[in-house]
Amino acid sequence: MAEDTALIRSFCQGAGEDLRLLADLHASELTPEQMRELQALQFPALLALDIPEQDFQLASHVLQTTVQEWPQEPTAQVVDALATDFASIYLNGSLHAFPSESVWLDDEELTCQQPMFEVREYYQRYGLNAPNWRRMADDHLVNELLFVAHLLEQASDSPAQQQPLVEAARFMDEHLLRWLLPFGRRVAQRCSTPFYASLALLTALYAEHIRDLLADILETPRESHAAIEARLKAQRTAAATPQPMQYFPGVAPSW
């Protein structure tokens, strides 16, 4: 039991730190200083989880090779190419791969729709809020990654308490993993730099692997995507169904 607790704590700490690092890389364009830091860290080799899956290994190899091939003093051409690609993915939507859940799940592909408010409710239960939701909405990739990291870190503090892990698994099923892999694949197909192509795909596959490990820890198999969609649709339909009003004699006029 003590060994299991130590393993769970190690997993939660490592995965939480990794998600925070990945969130940082999706949050703002790279500076030359950050590029040198990634080289020194041998990113992504420092990631805590070893994932044998072929697609992950390929994305990791491309990412590590790209980072190590950057010049020690990045040229303006290299920095500008990364900045342009960052803007195309995260700012101006020119790749049609917007990094927010609402755009992927809303029928009209609009931002700040129902998923954003559902995600906000999750955050509020833990006393959290998006720092500036108008600039980076609650359901933005960065905020969702940071929320999962927060839950894992809570679990690492009290590994005997499974509720944060249950909540992390549920949040990933109902929100993050409903759209992250399609986002990662589209970015990988359409962006211009191998860094952001491999980063997007690696992030999605890493999150999927975290969810698989949560299923093992919680001893609860993952639902299929179809089952999750059906369950969420049923819940929303029930919530939207008008409830019949009860009649209490003497409360309302009668005739």
Side-chain angles (χ1 to χ4, degrees), residues 18-39 41 43-44 47 55-56 58-70 74-106 108-113 115-116 119 130-149 172 175-210:
D18 289 347
L19 289 178
R20 288 192 179 277
L21 173 57
L22 293 172
D24 285 345
L25 295 176
H26 289 284
S28 60
E29 60 190 54
L30 287 172
T31 65
E33 292 75 18
Q34 289 173 317
M35 295 170 70
R36 287 190 288 270
E37 288 175 4
L38 290 177
Q39 285 183 317
L41 293 170
F43 180 78
L47 295 177
D55 287 347
F56 181 88
L58 178 59
S60 179
H61 174 72
V62 172
L63 197 51
Q64 186 166 12
T65 301
T66 299
V67 168
Q68 293 306 315
E69 288 180 349
W70 285 335
T75 64
Q77 183 178 9
V78 172
V79 175
D80 289 347
L82 289 168
T84 299
D85 219 18
F86 180 88
S88 297
I89 301 165
Y90 303 97
L91 301 179
N92 58 41
S94 62
L95 300 185
H96 199 62
F98 206 74
S100 286
E101 181 180 339
S102 288
V103 177
W104 291 89
L105 301 186
D106 180 69
E108 299 181 13
E109 299 183 359
L110 300 175
T111 61
C112 301
Q113 298 303 299
M116 185 190 80
V119 166
N132 184 350
W133 68 268
R134 291 180 176 85
R135 185 182 70 83
M136 186 179 288
D138 302 65
D139 62 343
H140 191 283
L141 168 60
V142 170
N143 287 328
E144 293 197 0
L145 290 175
L146 290 175
F147 181 59
V148 176
M172 296 179 85
H175 295 286
L176 180 62
L177 298 186
R178 293 175 69 199
W179 66 279
L180 184 55
L181 192 53
F183 164 80
R185 287 171 173 161
R186 187 173 296 180
V187 170
Q189 293 168 354
R190 298 183 181 183
C191 73
S192 300
T193 60
F195 176 79
Y196 281 113
S198 49
L199 175 67
L201 191 56
L202 178 141
T203 300
L205 295 172
Y206 201 75
E208 289 283 350
H209 189 67
I210 288 174

Does [X] use its side chain to pair, donor to acceptor, with the backbone of [Y] at less than 3.5 Å?
{"X": "D85", "Y": "S192", "answer": "yes"}
{"X": "Q189", "Y": "V187", "answer": "no"}
{"X": "T75", "Y": "V78", "answer": "yes"}

Would you say [X] and [Y] make side-chain contact, with heavy atoms under 4.5 Å?
{"X": "M35", "Y": "V79", "value": "yes"}
{"X": "L199", "Y": "L22", "value": "yes"}
{"X": "W179", "Y": "D139", "value": "no"}
{"X": "S198", "Y": "H61", "value": "no"}
{"X": "L180", "Y": "E144", "value": "no"}
{"X": "E109", "Y": "H96", "value": "yes"}

How far does [atom1] of [X] sit from [atom2] of [Y], to the nearest 0.5 angstrom?
{"X": "M116", "Y": "D138", "atom1": "CE", "atom2": "CG", "value": "5.5 Å"}
{"X": "L181", "Y": "T203", "atom1": "CG", "atom2": "OG1", "value": "11.0 Å"}
{"X": "D106", "Y": "S100", "atom1": "CG", "atom2": "OG", "value": "12.0 Å"}

Worked check of side chain to side chain contact (heavy atoms under 4.5 Å, CB included) between F98 and L110: CA-CA 10 Å; F98 206 74; L110 300 175; over 6 Å; no

Residues in ring pair (Phe, Tyr, Trp, His ring centres under 6.0 Å) with H175, at least two apart?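 Per chain and number, H175 pairs via ring pair (Phe, Tyr, Trp, His ring centres under 6.0 Å) with Y122, F171.
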
Results of side chain to side chain contact (heavy atoms under 4.5 Å, CB included) for [X] - residues two or more places apart only:
{"X": "F86", "value": "E29, Y90, L91, Y196"}
{"X": "S60", "value": "P44, F56, L202"}
{"X": "D80", "value": "A76"}
{"X": "L58", "value": "V62"}

Distance-minimising heavy-atom pair for [X] and [Y]:
{"X": "A200", "Y": "H26", "result": "CA-CE1, 4.2 Å"}
{"X": "A27", "Y": "M136", "result": "O-CE, 4.1 Å"}
{"X": "V67", "Y": "Q39", "result": "O-NE2, 2.9 Å"}
{"X": "Q68", "Y": "L38", "result": "NE2-O, 4.4 Å"}
{"X": "C112", "Y": "A137", "result": "SG-CB, 4.3 Å"}
{"X": "L95", "Y": "R190", "result": "O-NH1, 2.9 Å"}

Under the side chain to side chain donor-acceptor pair (under 3.5 Å) test, which residues partner [X], sequence neighbours left out?
{"X": "N92", "result": "S94"}
{"X": "E37", "result": "none"}
{"X": "N143", "result": "none"}

Going by salt bridge (charged side-chain N to carboxylate O under 4.0 Å, His left out), name the residues that satisfy it together with [X], two or more places apart in sequence or in a different chain.
{"X": "E69", "value": "none"}
{"X": "R186", "value": "none"}
{"X": "R185", "value": "none"}

Does any pair with a residue in residues 191-210 pass salt bridge (Lys or Arg N to Asp or Glu O under 4.0 Å), and if so which ones, sequence neighbours excluded?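 Residue pairs with at least one partner in residues 191-210: E208-R222.
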
Does atom CD of E33 have more than 12 heavy-atom neighbours from other groups under 6.0 Å away?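 Result for CD/E33: enclosed.
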
Tell me, with the steps shown, if F147 and V119 meet side chain to side chain contact (heavy atoms under 4.5 Å, CB included). CA-CA 10 Å; F147 181 59; V119 166; over 6 Å; no

Name the one of D24, D18, L176, L25 that satisfies side-chain contact (heavy atoms from CB on, under 4.5 Å) with L145?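 Option passing the side-chain contact (heavy atoms from CB on, under 4.5 Å) with L145: L176.
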
Parallel, tilted or perpendicular, judged at 30° and 60°: which one describes the rings of F183 and W104?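 Correct class here is perpendicular.
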
